[in-house]
Amino acid sequence: MSEPRSDQPTSDEPMAEVSTAADSTVTAPTDKPLVSVRDLKKHFPIMQGVFRRQVGAVKAVDGISFDIYRGETLGLVGESGSGKSTAGRAVLRLESLTAGTIFFDDEELSAMTPMNVRPLRPRMQMVFQNPHASLNPRMTVSSIIGEPLVEHKAFPRGQARIDRIDELLKLVGLDPTHANRYPHEFSGGQRQRIGIARAIALNPDFIVCDEPIAALDVSIQAQVVNLLEKLQQTLKLSYLFISHDMSMVRHIADRVAVMYLGRLVELAEVDDLYDSPKHPYTRALHSAVPVPDPEVEEARTRVILEGDIPSPANPPSGCPFHTRCPVAEPQCAHDEPEWREIESGHWVACHFADRPGW
């Protein structure tokens, strides 16, 4: 009979609170990024008619650029529908590209065929959002975690593979004696730990975490974030951490990029972005994060955005945010803002980001 399901890790290490980014020792960025993305675009064609002619395109990602350094966590935040997950999948070449270049450790992924990308797959992995859908219900935990080991001939068979699977389960805080169980015998938090174990099985350098805590209970989210931070320090990992939870991103990220309607609108060091946001959209996202101090919460000014995010199939002209921006001016409707560095390491796409008093 199976033991009662629980999200608590089986290791003795307490993981009840989220550790802050300041608590961890992150490798200092070097001049050479591990991942470099330039003008990345991913458009999905809109087909109509009997002959399936293209009549338009959904511009899910519409020209974004960023770097990720070794040992760094870059947070990518924004509303649902802003293109975050598509961007993460495109960086790993799980989606074909419409335009742009992607370099991974001097290898140009964007110029490679899927077959040529395959040898680099062990170094680039992904943790998916929904642990209920990302694990095959017909496979045991041992088979799920062992699949990449067999596929890439790291530990294809024998006791060495079993030992590696046990080691991975211990790393993510699960009991190796449960390796022959099926995903439905685990809780949501435990399933996500299994997904993380699968992602680190081949000792990758870079992991895209696609909203890894969004489908979990609030009480479990801190445990998973702490686990990711611990693994980063132990295995020297670099993360692209995708989330709409601004408060959680602040704890885990070193730098944060804000995405809106397929484009980046701001990118900065985590403290700079949270303490001094320059873009109106970033300010709106920041103001929506609850403050655990009733007096501060009551006194602070909320930025309320009206309307929904526009359709990426028909984005607005000029600044993509001007239809909802509380400080938009006529110029914003027809002039696209330049992506510029207004302070050291602080990039923003807004005409008036450096206006005095703004």
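If you read the sequence from its start, that first residue is 1, and numbering goes on from there. No hydrogens, no waters, no symmetry mates; every other heavy atom, side chains included, goes into these values.
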Student: Keeping the roles fixed (side chain from Thr98, backbone from His43), state whether a donor-acceptor pair exists under 3.5 Å.
Tutor: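 Yes, Thr98 side chain to His43 backbone: donor-acceptor pair under 3.5 Å.
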Student: Within the structure provided, determine whether Ile309 and Phe321 are in side-chain contact (heavy-atom separation under 4.5 Å).
Tutor: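 No, side chains not in contact.
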Student: Can you name the closest pair of heavy atoms from Thr323 and Pro310 and give their distance?
Tutor: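 Heavy atoms only, the tightest pair is OG1-CG, 3.8 Å.
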Student: Can a side-chain donor-acceptor contact be found between Glu211 and His244 if the only test is distance below 3.5 angstrom?
Tutor: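 Indeed, the side chains of His244 and Glu211 share at least one donor-acceptor pair under 3.5 Å.
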Student: Does the salt bridge (charged side-chain N to carboxylate O under 4.0 Å, His left out) test come out yes or no for Glu266 and Arg283, once each step is laid out?
Tutor: CA-CA 11 Å; Glu266 191 165 0; Arg283 294 191 173 199; over 6 Å; no
Student: Does the side chain to side chain contact (heavy atoms under 4.5 Å, CB included) test come out yes or no for Arg181 and Thr140, once each step is laid out?
Tutor: CA-CA 5 Å; Arg181 295 184 178 183; Thr140 64; over 6 Å; no
Student: Less than 4.5 Å apart, side chain to side chain, heavy atoms only: is that true for Gln192 and Phe128?
Tutor: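 No, side chains not in contact.
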Student: Write down the atom of Gly83, the atom of Val61, and the distance for their closest heavy-atom approach.
Tutor: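 Result for this residue pair: O-CG2, 3.7 Å.
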Student: Atom CD of residue position Gln54 - does it have more than 12 heavy atoms of other residues, nucleotides or ligands inside 6.0 Å?
Tutor: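 Yes.
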Student: Check the pair Phe206, Gln125 against side chain to side chain contact (heavy atoms under 4.5 Å, CB included), reporting the backbone distance first and the verdict last.
Tutor: CA-CA 6 Å; Phe206 174 57; Gln125 293 294 313; over 6 Å; no
Student: Looking just at side-chain N and O atoms, do Thr113 and Asn116 make a donor-acceptor pair shorter than 3.5 Å?
Tutor: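 On atom types as modelled, these side chains qualify, holding a pair under 3.5 Å.
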Student: Distance from Gln331 atom CD to His322 atom NE2, nearest 0.5 Å?
Tutor: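 These two atoms lie 12.0 Å from each other.
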Student: Against Val77, only a single residue in Val258, Thr282, Asp245 fulfils side-chain contact (heavy atoms from CB on, under 4.5 Å); can you say which?
Tutor: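 Passing option: Val258.
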Student: Is there a donor-acceptor pair closer than 3.5 Å between any side-chain N or O of Glu341 and the backbone N or O of Gly345?
Tutor: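 Such a contact is found between Glu341 side chain and Gly345 backbone.
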Student: I'd like to check Val256 versus Leu267 (side-chain heavy atoms, cut-off strictly below 4.5 Å). Are they in contact?
Tutor: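 Contact flag for Val256/Leu267 side chains = no.
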Student: Going hydrophobic residue to hydrophobic residue with side-chain gaps under 4.5 angstrom, can you get from Leu94 over to Ile196?
Tutor: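 Different hydrophobic clusters.
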Student: Which pair of heavy atoms, one from Leu264 and one from Ala349, lies closest together, and at what distance?
Tutor: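 Nearest pair, atom of Leu264 first, then Ala349: O-CB, 4.0 Å.
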Student: If you round to the nearest 0.5 Å, how far is OG of Ser65 from CG of Asp39?
Tutor: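 Answer for the CG-OG pair, Asp39 versus Ser65, is 4.0 Å.
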Student: Are any of the side-chain heavy atoms of Ser238 and Tyr69 separated by less than 4.5 Å?
Tutor: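 When only atoms from C-beta onward are counted, Tyr69 and Ser238 do not touch, as no gap falls below 4.5 Å.
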Student: Taking everything shown except Glu306 itself, do over 12 heavy atoms lie less than 6.0 Å from its CD?
Tutor: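 Counting neighbours around CD of Glu306, 12 or fewer heavy atoms of other residues, nucleotides or ligands fall under 6.0 Å, so no.
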Student: Taking the six-membered ring for Trp, are His279 and Tyr260 closer than 6.0 Å centroid to centroid?
Tutor: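 They do not qualify: ring centres at least 6.0 Å apart.
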Student: Under a 4.5 Å cut-off applied to non-hydrogen side-chain atoms, are Arg250 and Asp271 in contact?
Tutor: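 The answer is yes; the side chains approach within 4.5 Å.
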Student: Is the shortest heavy-atom distance from the side chain of His152 to the side chain of Arg121 under 4.5 Å?
Tutor: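 In short, these two side chains touch, coming nearer than 4.5 Å.
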Student: Quick one: pull up CE in Met259 and CD1 in Ile242 and give me the separation to the nearest 0.5 Å.
Tutor: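 One gets 9.0 Å once the value is rounded to the nearest 0.5 Å.
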Student: Nearest heavy-atom pair of Pro204 and Ala199: which atoms, and what distance?
Tutor: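 Shortest heavy-atom separation between Pro204 and Ala199 comes out as CG-O, 3.3 Å.
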Student: Does the Asp254 side chain pair with the main chain of Thr73, one donor and one acceptor, at a distance under 3.5 Å?
Tutor: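 The answer is yes, because a donor-acceptor pair under 3.5 Å joins these two groups.
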Student: Quick check: do His178 and Asp175 have side-chain heavy atoms less than 4.5 Å from each other?
Tutor: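 With C-beta onward as the side chain, the pair touches.
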Student: Under 4.0 Å between a side-chain nitrogen and a carboxylate oxygen: does that hold for Glu167 and Arg164?
Tutor: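 Between Arg164 and Glu167 there is a salt bridge, with a charged N closer than 4.0 Å to a carboxylate O.
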Student: State yes or no: do Ile342 and Trp347 share one hydrophobic cluster built from I, L, V, M, F, W and Y residues joined by side-chain heavy-atom distances below 4.5 Å, directly or via other members?
Tutor: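 Different clusters.
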Student: State, with a plain yes or no, whether a side-chain heavy atom of Leu228 is found less than 4.5 Å away from one of Phe241.
Tutor: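 Yes, close enough: below the 4.5 Å cut-off.
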Student: Flag the pair Lys84 and Asp210 as a salt bridge only when some basic side-chain nitrogen lies within less than 4.0 angstrom of an acidic carboxylate oxygen.
Tutor: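 Between Asp210 and Lys84 there is no salt bridge, as every charged N stays at least 4.0 Å from the carboxylate O atoms.
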Student: Enter the distance from Asp205:CG to Leu237:CG here, rounded to the nearest 0.5 Å.
Tutor: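 Nearest 0.5 Å value for the CG-CG distance: 8.0 Å.
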Student: Do His346 and Glu269 pass the side chain to side chain contact (heavy atoms under 4.5 Å, CB included) test, and can you show the C-alpha distance, the side-chain angles, and the key distance before you say yes or no?
Tutor: CA-CA 7 Å; His346 198 141; Glu269 297 286 338; over 6 Å; no
Student: May I ask you to decide whether Asp105 forms a salt bridge with Arg70, counting only side-chain N to carboxylate O separations under 4.0 Å?
Tutor: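 Salt bridge: yes.
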Student: Go through the steps to decide whether Asp308 and Arg324 satisfy the test salt bridge (charged side-chain N to carboxylate O under 4.0 Å, His left out), and finish with yes or no.
Tutor: CA-CA 8 Å; Asp308 297 324; Arg324 304 172 69 196; 5.9 Å; no
Student: So, the side chain of Ser134 versus the backbone of Asn130: is there a donor-acceptor pair under 3.5 Å, distance only?
Tutor: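 Such a contact is found between Ser134 side chain and Asn130 backbone.
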Student: Determine, stepwise, if the pair Arg198 / Glu147 fulfils salt bridge (charged side-chain N to carboxylate O under 4.0 Å, His left out).
Tutor: CA-CA 8 Å; Arg198 177 176 59 185; Glu147 187 174 25; 5.5 Å; no
Student: Got a salt bridge between Asp67 and Arg38, using NZ or NE/NH1/NH2 to carboxylate O under 4.0 Å?
Tutor: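 Arg38 and Asp67: salt-bridged.
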Student: Is it the case that Tyr281 and Glu79 place a side-chain donor and acceptor less than 3.5 Å from each other?
Tutor: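 The answer is yes; a qualifying pair exists.
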Student: Tell me whether His286 contacts the main-chain N or O of Tyr274 through its side chain, where contact means a donor paired with an acceptor under 3.5 Å.
Tutor: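 Judged by distance alone, yes, a pair lies under 3.5 Å.
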Student: Find out if a path of hydrophobic residues (ILVMFWY) with successive side-chain heavy-atom gaps under 4.5 Å connects Leu109 to Leu76.
Tutor: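 Yes; Leu76 is reachable from Leu109 via cluster members.
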Student: Checking side-chain polar atoms at under 3.5 Å, does Lys278 have a donor or acceptor matched by the opposite partner on Ser276?
Tutor: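 Side chains of Lys278 and Ser276: pair found under 3.5 Å.
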Student: Under a 4.5 Å side-chain heavy-atom rule over Ile, Leu, Val, Met, Phe, Trp and Tyr, are Leu120 and Leu34 clustered together?
Tutor: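 Leu120 and Leu34: one cluster.
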Student: To the nearest 0.5 Å, what is the distance between CD1 on Ile68 and OG on Ser36?
Tutor: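 Spacing of CD1 (Ile68) from OG (Ser36) equals 9.5 Å.
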Student: Between Gln221 and Asp217, is there a side-chain donor-acceptor contact under 3.5 Å, judged purely by atom types and distance?
Tutor: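 No, because no side-chain N or O of Asp217 sits under 3.5 Å from a partner of the opposite role on Gln221.
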Student: Does a side chain donor of either Ser142 or Asn180 reach within less than 3.5 Å of an acceptor in the other side chain?
Tutor: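 There is no such pair (donor and acceptor under 3.5 Å, judged by atom type) between the side chains of Ser142 and Asn180.
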Student: Can you get from Val208 to Tyr239 by hopping between Ile, Leu, Val, Met, Phe, Trp and Tyr side chains that sit under 4.5 Å apart?
Tutor: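 Result: no, two separate clusters.
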Student: Please tell me whether Lys42 and Ser96 have a donor and an acceptor in their side chains that are separated by less than 3.5 angstrom.
Tutor: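 Yes - a donor-acceptor pair under 3.5 Å links their side chains.
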Student: Using modelled atom types only, decide if a donor and an acceptor are shared between the side chain of Arg93 and the backbone of Ile102 within a distance under 3.5 Å.
Tutor: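 No, Arg93 side chain to Ile102 backbone: no donor-acceptor pair under 3.5 Å.
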Student: Which heavy atom in Val270 sits nearest to a heavy atom in Ala253, and how many Å separate them?
Tutor: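 Here Val270 and Ala253 meet closest at CG1-O, 3.6 Å.
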Student: Can you tell me if Glu107 uses its side chain to pair, donor with acceptor, with the backbone of Phe104 under 3.5 Å?
Tutor: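 No; judged by distance alone, with no hydrogens or angles, the pair does not exist.
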Student: To the nearest 0.5 Å, what is the distance between CD1 on Ile213 and CD on Gln129?
Tutor: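 CD of Gln129 is found 10.5 Å from CD1 of Ile213.
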Student: Taking His132's backbone N and O only, do any of them form a donor-acceptor pair with Arg191's side chain (distance below 3.5 Å, no angle check)?
Tutor: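 Judged by distance alone, no pair lies under 3.5 Å.
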Student: For the residue pair Glu229 and Ile252, what are the closest heavy atoms and their distance?
Tutor: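 For Glu229 versus Ile252, the nearest heavy atoms are OE2-CA, 3.7 Å.
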Student: Knowing that exactly one of Leu202, Val91, Ile207, Val117 qualifies, which makes a side-chain contact (heavy atoms from CB on, under 4.5 Å) with Met124?
Tutor: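 For Met124, the side-chain contact (heavy atoms from CB on, under 4.5 Å) check succeeds only for Val117.
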Student: Within a radius of less than 6.0 Å around CG of Asp275, do more than 12 heavy atoms belonging to other residues, nucleotides or ligands occur?
Tutor: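 Yes.
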